[in-house]
Undergrad: 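Here it is: the structure, laid out below.
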Amino acid sequence: MKNSFLLLATLNLSLGGLAFLLGLLILRENPRQRLNRVVSLMLFFGGIGSILAALSFLQRPNLAAAGAGIASVQHFAYLWEFFFPTLFLFACIFPTERAFLRRIDAWRPARWVPGVEALIYAPHTFHFLVMIALALIPPARMLPSLDVGKPLEALVGVVGLFANLFLAIHQSLFSIVNLGFGLAAVALLIDSFRRAQAPRLRRQLRAIGLGLAACLLLYGWSDLIPTLFGFAVAGWVRSALTAGALTLGSGAIAYAIVRHKFLDAKLLARRGILYGVASAALVGFYLAVVVQLNRGVTSLTGLDTRVVEPVFLIVALIMFQPAISRLEDILDRVLLRDPTDHRNVLRNLTRELQTTIELDPLLTRSIRTIAEALLLRHAHVVVLPPGGVIVQTGAGDPPAPEDQARLPNVLRELPAGEESVRAGDLKGRIPDADFELLAERLGAWLVIPLHSRGETVGALLLGEKLTGTEYSAEDVALLSTLAAQMSVSLQNALLVRERVQMVRLEEELNLARQIQRSFLMSQFPPMECFDVYGLNIPSKAVGGDFYDLVPCGDDVFLLAIADVAGKGVPAALLTSMLQASLRTQAGVGISVGDILRNINALVYRSTAVHQFATFFVARIEQGTGRMTFSNAGHNYPMVVRRNGERLFLDQGGIVLGIMESASYEEGVVALCAGDLLVLYTDGISEAFNGQDEQFGEERLCDAVRALPHDMSAREMTDQILSTLREFLGEAEPTDDMTLMVVRVLEREPARREPEPATRAVETHSVPA
């Protein structure tokens, strides 16, 4: 029997010591953190219960001599019942503090009024003080010994009876209080598990909740239920159940720390727990097996224990060290190498960053992984590409558009050269409005700048953890390393993104050029009296020049050329609108002045202030050669007669898009056989060669005069461009070039010669 008590005492002492060591380890990890303090306190109270049970077993072999000591140990054992309110407090603050705790603290009328933690511990504090008082001054034992005389003996008996009755009722009712605290704690943990979204947090709650529920069940069978229902339980059974309860409760917390990184324990602490478990297992094996084997050998051989014990101890020391290393390695592979551990997740993410070249997947994957691995309330990654800002949210609400627009200026105010900055440290170092944006609206607690080549290209804005725990130095170091890798990956992704955008833009421009080329006629309809050809050479993929020939029926056609201010896609869009408007009005039969007036109003209302266009339009009757025209600020087309006389077509008005109510004059010219009509844009007349000389209208006129009259319109166009290219030499054109040649053919019967040019042009104004 003595050996059994000794074994039970050793087991309880070992469990109590392990609980104390685990509690000290958690407290030393971060003593300022409330959750660490509560968990440590819970383990301390559990360890006290196990140690007091061990002390009672050590005193049992000599009950007569240790009667008073056992009673003292039993009464001080009520101290371990503080485990239950501590368990309830833990369930109230993990993973987040419950709202009712904050409301209770808010209702305190003054600071001297006890807070919520004092209220939670108040019943057990009262219970402990009552039990200590009854142990030190037992009324039922002291009052009968007093010499009070017969008249007061009855009163003394009644007082003693009530004292014993109060003690029995108080003990029974307080078992219900303990049970209530335990059940409430389990219910809160189940509710937290149901509401938790983060996978790692759910695993922590599952492990801790199951362990503490099993702890409560075993303790209920060992103490609460026997006390409530009044049946006796053997001491060794009660001790075994208590030891099992403590093992499951403490073991669940240790398992959550090692396996699921509960309390954000550092790697060194988690390995320390594994080493302690391995050592305790082998020490227990030594006490349970080797010591008994030692005694068996001693009884069989009759050798003195002082001779045998050193031999077994030396053998144990030789065998235990490799056994501890082997057991720790097994536990390490089973428990510590968790693929969901945030260190492994972040390391895997670092490898992925090296192979990810697309910006959006890179940002989304990175910030979501960080938020899930660290259990963050808010997490944003901000990237500052040239001329913009990109924000991806991994946890919490995305920033409002106006806040997002302010982020580039805020990030550029961060202290230079720092790998990480706590948002609270920025107060007073940056404007209050920017601090409010970071710390309050975005919920940033830690800012990790992303640097590349000495410039800030972005930042990780990481909020508070769901569990309320602080960022450890190991967390910050890992995040800083990850940020450095992200900076490189971001630069690569931005370069790839710019290249992809350029390729996409080139494809779109090629498509736009094909569409624009389809609008510009390369094959003109055959006409009896006219030979027409035109071409356009844009300075970019698409240009702002266009020409058109629109048949209107009855041997009448419209001829147009335009030049939109600017180049590229914006100019091309406006030219398409001008061409569409021209073709819409071509068949209506209105005058060319009215056509320009309508197009001018359209450009004025539909475009920006800086957008305008020059436009020339003419209506030509094939049968008579009569040409009615109007010029909206365009380069003057020229009519070159067979005899070399030239005529510039300048009647019209201002450029399109300047004034909404503009009106345009019309001019009339009679075209005769052998005449040439040349239309062009300023890209031709204002082209410069390498000597900074302008081609000019005179050279253009000379080139037209030099054309043989038997050439086709296409050959004439090519000849004029050949003369222009010869003038330019190695210089490249800087503007769109458009050229159109109309050659008037011979008619049958031959027409008389036209009157002099001064009388061949008549003008009139078309009112708005």
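Predicted, not measured: the structure shown is a model, and the values here were computed from it.
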Undergrad: What pair of heavy atoms forms the shortest contact from A423 to A444, and how long is it?
TA: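 A423 and A444 have their closest heavy atoms at CB-O, 3.3 Å.
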
Undergrad: With the side chain counted from C-beta on, respond yes when M42 and I253 share a heavy-atom pair under 4.5 Å apart, and no when they do not.
TA: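 A side-chain contact exists here, since the closest heavy-atom pair is under 4.5 Å.
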
Undergrad: Would you say the side-chain atoms of S40 pair up with the backbone N or O of L27, donor to acceptor, closer than 3.5 Å?
TA: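 Such a contact is found between S40 side chain and L27 backbone.
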
Undergrad: Mind telling me whether F44 and F20 have parallel, tilted or perpendicular rings, with 30° and 60° as the class edges?
TA: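 Plane angle under 30°, so parallel.
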
Undergrad: Any heavy-atom pair between the side chains of S366 and L460 that's under 4.5 Å?
TA: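 No; the side chains remain at least 4.5 Å from each other.
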
Undergrad: With a distance cut-off below 6.0 Å to the six-membered ring centre and an angular limit of 45° from the axis, does R202 pair with F193 as a cation-pi contact?
TA: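 R202 over F193 ring: yes.
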
Undergrad: Counting only heavy atoms not in R368, do more than 12 fall under 6.0 Å of its CZ?
TA: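 Atom CZ in R368 is not packed in, count stays at 12 or less.
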
Undergrad: So, K465 and D475, do they make that salt bridge, N to O below 4.0 Å?
TA: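 The answer is yes: the pair qualifies as a salt bridge.
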
Undergrad: Using a 3.5 Å distance criterion without hydrogens, assess whether the side chain of R377 forms a donor-acceptor pair with backbone atoms of A395.
TA: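 Flag not set: sc R377 to bb A395 has no pair under 3.5 Å.
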
Undergrad: Using atom types as modelled and distance alone, determine if a side-chain donor or acceptor of R98 lies under 3.5 Å from a backbone N or O of L188.
TA: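 Yes; judged by distance alone, with no hydrogens or angles, the pair exists.
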
Undergrad: Write down the atom of I448, the atom of S420, and the distance for their closest heavy-atom approach.
TA: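 Nearest heavy atoms, I448 then S420: CD1-CB, 3.4 Å.
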
Undergrad: Which pair of heavy atoms, one from E419 and one from S480, lies closest together, and at what distance?
TA: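 Shortest heavy-atom separation between E419 and S480 comes out as OE1-CB, 3.7 Å.
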
Undergrad: side-chain contact (heavy atoms from CB on, under 4.5 Å) between F82 and L41: does it pass, once the steps are laid out?
TA: CA-CA 9 Å; F82 279 87; L41 199 59; over 6 Å; no

Undergrad: With sequence neighbours left out, what residues match L183 under side-chain contact (heavy atoms from CB on, under 4.5 Å)?
TA: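 Only L179, L216 meet the side-chain contact (heavy atoms from CB on, under 4.5 Å) criterion with L183.
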
Undergrad: If you count every heavy atom of other residues, nucleotides or ligands that lies below 6.0 Å from D397 atom CG, does the total exceed 12?
TA: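 Atom CG in D397 is not packed in, count stays at 12 or less.
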
Undergrad: Apply side-chain contact (heavy atoms from CB on, under 4.5 Å) to the pair H378 and L442, showing each step before the final yes or no.
TA: CA-CA 7 Å; H378 303 89; L442 296 181; over 6 Å; no

Undergrad: Just by distance, no angles: are the side chains of T369 and R365 close enough, under 3.5 Å, to form a donor-acceptor pair?
TA: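 A pair is found: one side chain offers a donor N or O, the other an acceptor, under 3.5 Å apart.
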
Undergrad: Once you round to the nearest 0.5 Å, how far does CG of L35 lie from CD1 of I93?
TA: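 Rounded to the nearest 0.5 Å, the CG-CD1 separation comes out at 5.0 Å.
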
Undergrad: With the side chain counted from C-beta on, respond yes when F90 and I208 share a heavy-atom pair under 4.5 Å apart, and no when they do not.
TA: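 Of all side-chain heavy-atom pairs linking I208 with F90, at least one is under 4.5 Å.
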
Undergrad: Measure the spacing between NE2 of H380 and CG of L363 and express it to the nearest 0.5 Å.
TA: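 Reported value, rounded in 0.5 Å steps: 13.5 Å.
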
Undergrad: Tell me, do N178 and H124 make a side-chain contact under 4.5 Å, heavy atoms counted?
TA: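 N178 reaches H124 side chain to side chain.
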
Undergrad: Is the shortest side-chain N to carboxylate O distance from E372 to R200 below 4.0 Å?
TA: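 Judged by the 4.0 Å cut-off on N to carboxylate O distance, E372 and R200 do not form a salt bridge.
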
Undergrad: Consider ring-ring contact (aromatic ring centres under 6.0 Å, His included). Of F88, F83, F84, which one does F181 pass it with?
TA: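 Running ring-ring contact (aromatic ring centres under 6.0 Å, His included) over F88, F83, F84 with F181 returns exactly one hit, F88.
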
Undergrad: Can E81 and H127 be counted as having a side-chain donor-acceptor contact under 3.5 angstrom?
TA: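 Note: E81 and H127 side chains meet the donor-acceptor criterion.
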
Undergrad: Flag the pair F94 / L201 as yes when at least one side-chain heavy-atom distance between them is below 4.5 Å, and no otherwise.
TA: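 Of all side-chain heavy-atom pairs linking L201 with F94, at least one is under 4.5 Å.
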
Undergrad: Between T393 and P399, what is the shortest heavy-atom contact and its length?
TA: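 Reported closest heavy-atom pair: OG1-CD, 3.8 Å.
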
Undergrad: Quick one: does L205's side chain get under 4.5 Å of P95's, heavy atoms only?
TA: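 Contact flag for L205/P95 side chains = yes.
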
Undergrad: Are the side chains of I370 and L482 in touch, meaning some heavy atoms are under 4.5 Å apart?
TA: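 Yes. Closest side-chain heavy atoms under 4.5 Å.
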
Undergrad: In sequence, state the C-alpha distance, the side-chain angles, and the governing distance for L438 and L461, and then conclude on side-chain contact (heavy atoms from CB on, under 4.5 Å).
TA: CA-CA 8 Å; L438 281 179; L461 307 180; 4.0 Å; yes

Undergrad: Assess whether a salt bridge exists between R194 and D191, defined as any Lys/Arg side-chain N lying under 4.0 Å from an Asp/Glu carboxylate O.
TA: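 Salt bridge: yes.
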
Undergrad: Any carboxylate oxygen within less than 4.0 angstrom of a Lys/Arg side-chain nitrogen, looking at R34 and E117?
TA: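 Judged by the 4.0 Å cut-off on N to carboxylate O distance, R34 and E117 do form a salt bridge.
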
Undergrad: Once you round to the nearest 0.5 Å, how far does CZ of R32 lie from CG of N36?
TA: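 Answer rounded to 0.5 Å: 11.0 Å.
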
Undergrad: Give me the atom names and distance for the closest heavy-atom approach of P123 to L119.
TA: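 In terms of heavy atoms, the two residues are closest at CD-O, 3.5 Å.
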
Undergrad: Grab the two heavy atoms, one from A185 and one from L87, that are nearest each other, plus how far apart they are.
TA: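 Nearest heavy atoms, A185 then L87: CB-CG, 3.6 Å.
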
Undergrad: Going by heavy atoms in the side chains, are L189 and L212 under 4.5 Å from each other?
TA: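 L189 vs L212: side chains touch.
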
Undergrad: With distance as the sole test, does Q33 use its side chain to make a donor-acceptor pair with the main-chain N or O of E470 at under 3.5 Å?
TA: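 Yes, because the side chain of Q33 sits within donor-acceptor range (under 3.5 Å) of the backbone of E470.
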
Undergrad: Is the CZ atom of R28 crowded by more than 12 outside heavy atoms at less than 6.0 Å?
TA: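 No - once you tally the heavy atoms of other residues, nucleotides and ligands closer than 6.0 Å, there are 12 at most.
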
